[in-house]
Amino acid sequence: MKFMKLGNRSDTFITEEATRTVISDVPSDLTIQINNISYLLHKYPLLPKCGLLQRLISDSEDSSNATLNLHDIPGGEEAFELCAKYCYGITINLSARNFASAFCAAKYLGMTQKVETGNFVMKLEAFLSSCILEGWKDSVVTLQNTRGIYEWSESLGLVRKCIESIVDKILTPTHKVSWSYTYTRPGYEKNRRESVPKDWWTEDISLLDVDIFRCIVTAIKSTNMLQPQLIGESLHVYACRWLPEITNTGLNEGSTSQVEDQDSPDRKQRILETIVSLIPADKGSVSVKFLLRLVSISNFLGVSPVTKTELLRLSGLQLEDAALDDLLLPNRVSTDQTSYDVELVQTVLESFLRQWKRRTPTDESLSQKSINNVGKLIDSYLQVVSKDANLSVQKMTSLAETLPGIARTDHDNLYKAINIYLKEHPDLSKMDKKHLCRILDCQNLSPEVRSHAVKNERLPLRTVVQLLFFEQEKGNTTSNIKHRSSDQTSVVRDDMNKLKLSIHDHQLSKGKDRRNYDDKFQLRQELSFKIRESVLQEMRTGREIRDEGISEIQHSNLNPREKARERRVSGKSHSSKGRER
């Protein structure tokens, strides 16, 4: 960082309570009030250099001992004291840290060439052009220190000149970058001597106020000279510094966040809205992980509907590129005490589906691959969130049903999610179990998963019977392989792994006046491949099993008294048939 030293006298300013005085044999004849501090000074060194003081004293009634109020001087008492010391010839050191306030105060006091040749403003302008604008960090630090005097700095052209200098350096090819910069992200030290990273500038400009940052990024975008991903990275770094909520959700890769969470919600809201407005239109300019976390904190900060709609659009556009960890967003605003924000993921999914339906079908295979990737992602997400004890059946089924049927090539992962949910929620009612399992398509399960599901005691009886029906239908289907030659056609029937259903009645308990029975299903697999006589009656057996299955569903819906009555009637019927024989 560059410095400029002016003056050669030692500092003779002293403080007595709220008064600043210059040690001198000449009594003070000029009092200047700035905020709560009084400066007891002399006219002879100040008036020749300050045009404002000349006009104010000439207008005052008592010219021998004048008192002036300069409460609105930019930079306050510190900036005024720099100008006063310059007038007295006291040594002052100027740098990018105090340049903006000194420059604005000198302009305010009228310390220009018109008042005296080689005045303070001329020296400051020379330092600005030869040192501050030529350096990288000097320009950044100067802008950083314009926060309290931004309007003055902007009206005097200081902000514009510094921004132009910064943008010009950002657009410089990396092999020509010779100035120092800040870059503290992991892995940089190993490559420090090899090459300059393309995003070398992002960390330094993240120090700036949001309005200045917006001006810089807007100017960069207008040139179309940088890749959208570099602009997106600068937005990511800026958000990590000023929105600590992003890093708190796990987005800390490359983060330079050293700012404590002290900013007001209104300022954070403005920062977030500015970042969203600056995101390039190019897909992939920012990661979907970053977008999803912006969506999460947008609900927390209460941003404008326009900003939230744009975030949801961008997140939905890139949802197919997301990983499972990207969706595991903490629940910030919901009152149901769930660990993850399932509603947010469903909203982003709905945004994806709206945009997916509007796509021009130029390539059907890519479109199908896109929605299949999202289907796998959501089913994997369901397997994680289903472990949450506070997740309701309604939220679980609502998210699962949001996906269209075309999104799932099979229902294996969906079954796993349902099984996990049933395991973690053992007290679930029968109605909720039926409501949950109705989203499962038994015909889209793999043989291994169907085999597991048939034996799964957590599933409702209706779902198990449906699985058994499908297995029986599959067992009754014969595959015909036709071999054709010039003189004959033969049909070969191959029947393997036939499944049969046997129903055994077991007595569960005894009452005073009735008996209750429960039918249990057991699955037997035919181990032999030989053709037996029972196989010849295959169609008839399958029909009987289906009828028994339907009867079992109806039987399961009866109350205990009706079940007992039905079994007594059934028993009499069987005994009468035996006597007839």
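For the pair L30 and I57, the minimum side-chain heavy-atom distance is below 4.5 Å. Contact check for F213 versus L207: no side-chain heavy atoms found under the 4.5 Å cut-off. Counting only heavy atoms from C-beta outward, the side chains of R267 and D209 approach each other to under 4.5 Å. By the 4.5 Å heavy-atom criterion applied to side chains, P330 and Y340 are not counted as neighbours.
Environment of NZ in K198: sparse, with no more than 12 heavy atoms of neighbouring residues, nucleotides or ligands closer than 6.0 Å.
Aromatic ring centres of Y181 and W200 lie closer together than 6.0 Å.
Ion pairing between a basic and an acidic side chain is recognised when a charged N comes within 4.0 Å of a carboxylate O; R185 and D199 show such pairing. K85 has a carboxylate O that lies under 4.0 Å from a charged side-chain N of D11, or vice versa, which qualifies the two as a salt bridge.
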(request) Take T142 and S139 through the test side-chain hydrogen bond (donor to acceptor under 3.5 Å, both in side chains) and record every step on the way to the result. (result) CA-CA 5 Å; T142 299; S139 300; over 6 Å; no
(request) Kindly indicate, with the supporting measurements, whether the criterion salt bridge (Lys or Arg N to Asp or Glu O under 4.0 Å) is fulfilled by R313 and E310. (result) CA-CA 5 Å; R313 185 189 70 82; E310 179 64 10; 2.8 Å; yes
(message) As a quick check of understanding, evaluate side-chain hydrogen bond (donor to acceptor under 3.5 Å, both in side chains) for E320 and S370, giving each step before the final call.
(response) CA-CA 6 Å; E320 60 184 293; S370 172; 3.0 Å; yes
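Taking both residues in full, the closest heavy atoms of A105 and P74 are given as CB-O, 3.7 Å, listed atom of the first, atom of the second, then distance. Nearest heavy-atom pair, D282 versus S285, reported as atom, atom and distance to 0.1 Å: O-OG, 3.0 Å. The minimum heavy-atom distance between A322 and V288, with the atom names listed, is CA-CG1, 3.5 Å. In this structure, D138 and A96 approach most closely via the heavy-atom pair O-CB, 3.4 Å. Of all the heavy atoms in I205 and I166, the pair that sits closest is CG2-CG2, 4.2 Å. Residues Q355 and G316 approach most closely at NE2-C, 3.7 Å, considering heavy atoms.
A donor atom on one side chain and an acceptor atom on the other are not found under 3.5 Å apart for E77 and Y39. A donor-acceptor contact closer than 3.5 angstrom is absent between the side chains of T338 and N390. T67 and Q33 share no donor-acceptor pair across their side chains, judged by distance under 3.5 Å alone. A donor-acceptor contact closer than 3.5 angstrom is absent between the side chains of R214 and S277. Of the N and O atoms on the side chains of T15 and R20, at least one donor lies less than 3.5 Å from an acceptor on the other residue. S129 and K161 share no side-chain donor-acceptor pair at under 3.5 Å. In the model, E203 has a side-chain atom that pairs as donor or acceptor with a side-chain atom of T184 under 3.5 Å. K114 and N119 form no side-chain donor-acceptor contact under 3.5 Å, judged by distance and modelled atom types alone.
Each of I246, L314, V295 was checked for a side-chain contact (heavy atoms from CB on, under 4.5 Å) with F290, and the lone residue meeting it is I246. Evaluated for a side chain to side chain donor-acceptor pair (under 3.5 Å) with N372, the options K369, K376, Q368 yield exactly one hit, Q368.
Legend: ring-ring contact (aromatic ring centres under 6.0 Å, His included) pairs involving residues 152-176, not counting sequence neighbours, sorted by first then second residue: Y108-W152.
Looking at Q113, its side chain never comes within 3.5 Å of a backbone N or O of M122 through a donor-acceptor pair. Judged purely by atom type and a 3.5 angstrom limit, S315 has no side-chain atom pairing as donor or acceptor with the backbone of L312. Side-chain N or O atoms of T91 include one that pairs as donor or acceptor with a backbone N or O of G7 at under 3.5 Å. Remark: the backbone N or O of T182 is paired with a side-chain donor or acceptor of D204 at under 3.5 angstrom.
The cationic group of R97 does not satisfy the cation-pi geometry with F99, failing either the under 6.0 Å distance to the six-membered ring centre or the 45° limit from the ring axis.
One distance of note links CG of L377 with CG of N413; it measures 11.0 Å at 0.5 Å rounding. Rounding to the nearest 0.5 Å gives a distance of 10.0 Å between CG of N373 and CG of L319.
Looking at residues two or more places apart in sequence or on another chain, you find no side chain to side chain donor-acceptor pair (under 3.5 Å) involving S24.
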